[in-house]
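Everything below concerns the one structure shown next.
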Amino acid sequence: MPINALILLMMLVLISAAFYVGRTRALRSAGRESLSLHSLPNYHGYFVALWTGVPALLLMTALAIFGPSITDAVVQGRMAQAAAPLVSEFESRVESDSALQAAQAEIDAGADVNAVTAARNTINARRDALSRAVISQARANGETALAIAGFEYAIQPPERRGLFISDARAVAFNGQPSQLTPSIEAAGAAFRPVDSVVRYGGATLAILLAIGGLAWSRTRIQAGFRARNRVESAFMGFLIFCSGIAILTTIGIVASLLFESLRFFEAINWRLDQFLFGTQWSPQIAIRADQVGQTGAFGAVPLFAGTFMITVIAMLVAGPIGLFAAIYLSEYAGQRTRKIVKPVMEILAGIPTVVYGFFALLTVGPAIRAAAQWVGFESAVTQSALSAGLVMGVMIIPFVSSLSDDVINAVPQSLRDGAYAMGATKSETVKQVILPAALPGIVGAFLLAISRAVGETMIVVMAAGQGANLTANPLESVTTITVQIVMLLTGDQEFDSAKTLSAFALGLVLFVFTLALNIIALRVVQRYREKYE
């Protein structure tokens, strides 16, 4: 049995025993008159169980989260100490290499992306040659395998060091490394003893902490002890922690997007204007200066335009249909009709998006192309923005109709009765009373639908294509931000490449757009919301 599973089993036994000890001690302290206890006996048991389990479980959780980082830091420190002479020798050779200095000067000038890329390739090639020379000399001098492993780790770019450590961990713990070299094997051998110390030491400390918590909390049990207050305070803290998880998750997402986006902007020499306002999207970086067709153009306007066009088409379909269907079901339809129509409409939300994509590609797209060619648009194609937008609009109709229906039904009946008493008709009541009262919820339903449309990928890939085409014609092929993110991050990618990092910049733009949309919607709700006493 793994050590962590064994420790968890022991913790469950200790927590159960702690509850029994706390409850029994409370009853004994009160004697025969249990009414003299400030709190019920179970609260005393909960108090002892909490002090037994919570600190030890927190320690085990911290070790599960930070234990690998502690192990990595120790191993990296040992490798850095062993490799210090080799790193010093390598740095002295780099400083005296004229080819590296010339390539760095080319990067500092940095007027052309291809020239900068070629200079970076030159630097990488020269550094590889110098590192091989240092490694050969180290082996001839009898340096240890750990020293050579530490040197190879130190000279790698920061984005590749994580892969080196992951491979070493895979070797140490019988995993599958992406590559197997003597240096990775040496680093893996250094991982095993350090990991054993962290793992078994943490397990022992957790058991001792649980026993100590049980012994200390047991001494607090008395007839007048306010165990209920302590237990309720502990659960209140747990609820506050749970409510903060969403905030912490959002901060983590924003931080990761921002960090990788800054790396992308650094890779393109901080040309934010070309990214935000450029009209050519070709995320390729030339490996050599003489290569043709790999210009490294990162103008994202075609992606923004394609996303906007398909979202607008989808909302033009889903918005009116969904809202009017909700009004009909909540205000006009009978109970029998409502019980049949609403579940049938909500089935649309359960259909897989790949099925919608097939439907758009095989049925809707050819129909739109045939209709457009009959009218006179001979350039119409099967994969078009109109096809993707129409099918996507059908898909998100339930998001608008179901949520709007629930919000409209939540409007107090007294408002309807008051409007009818004043002589208003049903349509006037819906328009002047119910819709203003339900406006915040309806706006929320539209926001959810827009977010769903902006984030859809499969329908766009199959129905609108993957080419970045800047056009205002809905009968042509376009692509969206999410499709390009998937394409850029699919397969074996190098996360030191501007092509791959551009996906994070697109994600950051998408996040900012969604945030701005929510802020605007909040202002609209505050401006037009009706308030009733």
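This one's a predicted model, so the numbers in the text were calculated from it and none came from an experiment.
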Evaluate side chain to side chain contact (heavy atoms under 4.5 Å, CB included) for L63 paired with R199, printing each intermediate quantity in order.
CA-CA 8 Å; L63 285 176; R199 189 184 301 272; over 6 Å; no
Do [X] and [Y] have side chains that approach each other closer than 4.5 Å (heavy atoms only, starting at C-beta)?
X    : Y    : value
L488 : T500 : no
E89  : S92  : yes
R25  : H44  : no
F399 : L447 : no
D72  : R161 : no
F235 : V231 : yes
T479 : W281 : no
V391 : M395 : no

Let me confirm one number: the [atom1]-[atom2] distance from [X] to [Y], rounded to the nearest 0.5 Å.
X    : Y    : atom1 : atom2 : result
I268 : E266 : CD1   : CD    : 11.0 Å
F446 : M315 : CZ    : CE    : 5.0 Å
F513 : T307 : CZ    : OG1   : 8.5 Å
I211 : L14  : CD1   : CG    : 6.0 Å
F304 : L276 : CZ    : CG    : 6.0 Å

May I ask you to check whether over 12 heavy atoms, not counting those of R93, lie within 6.0 Å of atom CZ?
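Correct, the count exceeds 12.
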Does atom CZ (F173) have a neighbourhood of more than 12 heavy atoms from anything else shown, all under 6.0 Å?
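Result for CZ/F173: enclosed.
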Hey, does the side chain of [X] reach the backbone of [Y] with a donor-acceptor pair shorter than 3.5 angstrom?
X    : Y    : result
R220 : F47  : no
S88  : A84  : no
T219 : W216 : yes
Q484 : Q466 : yes
Y356 : L348 : yes
N141 : Q137 : yes
E456 : M458 : yes
D167 : S178 : yes

Using every non-hydrogen atom in the two residues, find where [X] and [Y] come nearest and quote the distance to one decimal.
X    : Y    : result
A453 : I396 : CB-CD1, 4.2 Å
N473 : T471 : N-OG1, 3.0 Å
P474 : A472 : CD-O, 3.3 Å
A149 : S183 : CB-O, 3.3 Å
L146 : A186 : N-CB, 4.2 Å
Q383 : V461 : NE2-O, 3.7 Å

Check the pair V48, Y20 against side chain to side chain contact (heavy atoms under 4.5 Å, CB included), reporting the backbone distance first and the verdict last.
CA-CA 9 Å; V48 179; Y20 176 77; over 6 Å; no
Output, in order, the C-alpha distance, side-chain angles, deciding distance and verdict of salt bridge (charged side-chain N to carboxylate O under 4.0 Å, His left out) for E260 and R263.
CA-CA 5 Å; E260 299 295 341; R263 290 180 57 198; 3.0 Å; yes
Is it the case that the ring center of F298 lies less than 6.0 angstrom away from the ring center of F264?
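Centroid distance F264-F298: below 6.0 Å, so yes.
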Please lay out, stage by stage, how M11 and M60 fare under the test side chain to side chain contact (heavy atoms under 4.5 Å, CB included).
CA-CA 11 Å; M11 289 300 305; M60 294 183 64; 4.2 Å; yes
List the steps, then state whether side chain to side chain contact (heavy atoms under 4.5 Å, CB included) holds for S256 with F504.
CA-CA 9 Å; S256 62; F504 296 95; over 6 Å; no
Determine whether the side chains of T480 and T482 contain a donor N or O and an acceptor N or O closer than 3.5 Å.
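There is such a pair (donor and acceptor under 3.5 Å, judged by atom type) between the side chains of T480 and T482.
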